[in-house]
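Presented below is the structure to which this report refers.
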Amino acid sequence: MSDNDNSQLFAEERRERILLLLKENSKLLVPELCAYFKVSPATIRNDLRDLETAGKLKRTHGGAIPVGKSSFELNSSQKEVSSQNEKRRIASKAATFIEDGDTIALDTGTTTLELAKQITNRQDLSVVTNDLVIASYLENNSNTNVILLGGMLRKGFHCTVGPAVQSQLSEYSVDKVFMAANAISLEKGFTTPGIDMAEVKKSMMSIASQVFFLIDSSKFGRITFIRFAGLGDTDKIITDEGIGKATLAQMYADYDDLEILVV
């Protein structure tokens, strides 16, 4: 953890940052957090106690570890501050595969939102999405034809899910779909914490001629609750240079026709 000036954060901001640090480090110690936030051990212990009460982490002697690794999911606001530069580079590469006149689908996520921001100059583009923020951004900043999928609103994640979304998707066909995932591993493929999200992702992939996954390197080697796709179900994976050489080599060994683009 870097020693940033975090001493002026409000309690809620500090607790959100603790959850992000826990996602990146797997284990946190009280002295490390005191140094990082420039606050007292009592303050950090109060934060950890409140987060444990909310079911967001598990306290251990001298620190904290993740709780329910397979089901915990950062909400959209928390995800926005994680791996931002990497997500922009991934989105920039993905944008090169989108041409004028394409019909595409955009999965919900912070990296796919970055992609939406980079395709506002495309002509005669149609975008199918269940992400409210993506739809709103394209409406206000481009001439894109936006098809927003209606369904049950997933609180905290600005997207729609449920049978209504899946039913609508079955009526469409798109040239390309750009997918996100909470985790990717050789053992389980692409996984996500929510069953409702997994079903929508499956439906979205099924309507596309080409499937692209936009995944920053922090997601590799992880497994969350439910599998929605295998590594063989994608045409291209776009990730950042943080992915390890050993991971790349193993993926290529197991899936010789898989294309992984590292930016």
In short, F157 meets T108 closest at the heavy-atom pair O-OG1, 4.0 Å
Within the side chain of Q250, is there an N or O that forms a donor-acceptor pair under 3.5 Å with the backbone of T247? no
Do the side chains of E114 and K87 get close enough for a salt bridge, i.e. N-O under 4.0 angstrom? no
Answer yes or no: is there a donor N or O on one side and an acceptor on the other, between the side chain of T224 and the main chain of T192, under 3.5 Å? yes
Do K176 and S209 have a side chain donor and acceptor closer than 3.5 Å? no
Got more than 12 heavy atoms from elsewhere within 6.0 Å of CG, N121? yes
Which of these passes side chain to side chain contact (heavy atoms under 4.5 Å, CB included) with L106: L115, V146, D131, T111? L115
Measuring only between side-chain heavy atoms, which start at C-beta, is V127 closer than 4.5 Å to L138? yes
Is a side-chain N or O of Y137 found less than 3.5 angstrom from the main chain of L132, in a donor-acceptor match? no
To the nearest 0.5 Å, tell me how far S206 OG sits from Q166 CD. 9.5 Å
CD1 of I134 to CG of L148: how many Å apart, nearest 0.5 Å? 10.0 Å
R49/E52 under salt bridge (Lys or Arg N to Asp or Glu O under 4.0 Å): CA gap, chis, key distance, verdict: CA-CA 5 Å; R49 184 185 63 248; E52 183 178 49; over 6 Å; no
Do V161 and V200 have side chains that get closer than 4.5 Å, going by heavy atoms? yes
Shortest non-hydrogen separation from F190 to A181 and the atoms involved: CD2-CB, 4.0 Å
Under a 4.5 Å cut-off applied to non-hydrogen side-chain atoms, are I90 and K93 in contact? no
What are the two closest non-hydrogen atoms of C159 and M197, and how far apart are they? SG-SD, 3.9 Å
List the steps and the verdict of side-chain contact (heavy atoms from CB on, under 4.5 Å) for M251 and I184. CA-CA 11 Å; M251 291 175 72; I184 173 175; 4.1 Å; yes
Please confirm whether K202 makes a cation-pi placement over F228, using NZ or CZ under 6.0 Å from the six-membered ring centre and within 45° of the ring normal. no
Partner set under ring-ring contact (aromatic ring centres under 6.0 Å, His included) for F97, not counting sequence neighbours: F212
Given 3.5 Å as the limit, does a donor-acceptor pair link the side chain of D196 with the main chain of G162, or not? no
Can you tell me how far the OG1 atom of T160 sits from the CG atom of L153, to the nearest 0.5 Å? 7.5 Å
Between T120 and S142, do the side chains contain an N or O donor and an N or O acceptor separated by less than 3.5 Å? no
Separation between CG of L169 and CD1 of I147, rounded to the nearest 0.5 Å: 11.0 Å
Contact summary for I223 and A183, nearest pair of heavy atoms: N-CB, 3.9 Å
Evaluate the side-chain proximity of R89 to E241: yes if any heavy-atom separation is below 4.5 Å, no if none is. yes
Test item: L231 and L186 side chains (from C-beta on) under 4.5 Å apart, heavy atoms: yes
Short side-chain to backbone donor-acceptor contact, T234 and V211, under 3.5 Å: yes
Distance-only, no hydrogens or angles: does the S203 side chain make a donor-acceptor pair with backbone N or O of E199 under 3.5 Å? yes
In short, Q118 meets S92 closest at the heavy-atom pair OE1-CA, 3.0 Å
Given 3.5 Å as the limit, does a donor-acceptor pair link the side chain of S167 with the main chain of A164, or not? no
Under 3.5 Å side-chain donor-acceptor pair for T112 and D107: no
Quick one: do F178 and K236 satisfy side-chain contact (heavy atoms from CB on, under 4.5 Å)? Show the steps, please. CA-CA 10 Å; F178 296 86; K236 291 181 176 63; over 6 Å; no
Less than 4.5 Å apart, any side-chain heavy atom of L125 and any of D100? no
From the options L21, L48, L19, select the one residue that forms a side chain to side chain contact (heavy atoms under 4.5 Å, CB included) with L28. L21
Looking at K117, I want to see if its NZ is surrounded by more than 12 non-hydrogen atoms of other residues, nucleotides or ligands under 6.0 Å. yes
Heavy-atom count check: over 12 atoms from other residues, nucleotides or ligands less than 6.0 Å from L261 CG? yes
From OG1 (T43) to CZ (F37), nearest 0.5 Å: 11.5 Å
Minimum heavy-atom distance between Q168 and G150, given as atom pair plus value: NE2-O, 2.5 Å
Please answer whether the main-chain N or O of A42 pairs with a side-chain N or O of N46 as donor and acceptor at a distance below 3.5 Å. yes
Would you check if the side chain of D216 reaches a backbone N or O of E86 as a donor-acceptor pair within less than 3.5 Å? no
Please examine the side chains of T129 and L149, heavy atoms only from C-beta on, and report whether any two atoms are closer than 4.5 Å. no
Under the side-chain contact (heavy atoms from CB on, under 4.5 Å) criterion, do R122 and I98 qualify, and how do the steps go? CA-CA 8 Å; R122 299 296 191 275; I98 300 175; 4.2 Å; yes
What's the spacing between S217 OG and D240 CG if we round to 0.5 Å? 3.5 Å
Treating K219 as the side-chain partner and A180 as the backbone partner, does any N or O pair qualify as donor plus acceptor under 3.5 Å? no
Measuring only between side-chain heavy atoms, which start at C-beta, is D47 closer than 4.5 Å to R14? yes
Working note: F213 + D235, criterion side-chain contact (heavy atoms from CB on, under 4.5 Å); need CA distance, chi angles, decisive distance, verdict. CA-CA 8 Å; F213 269 87; D235 293 287; over 6 Å; no
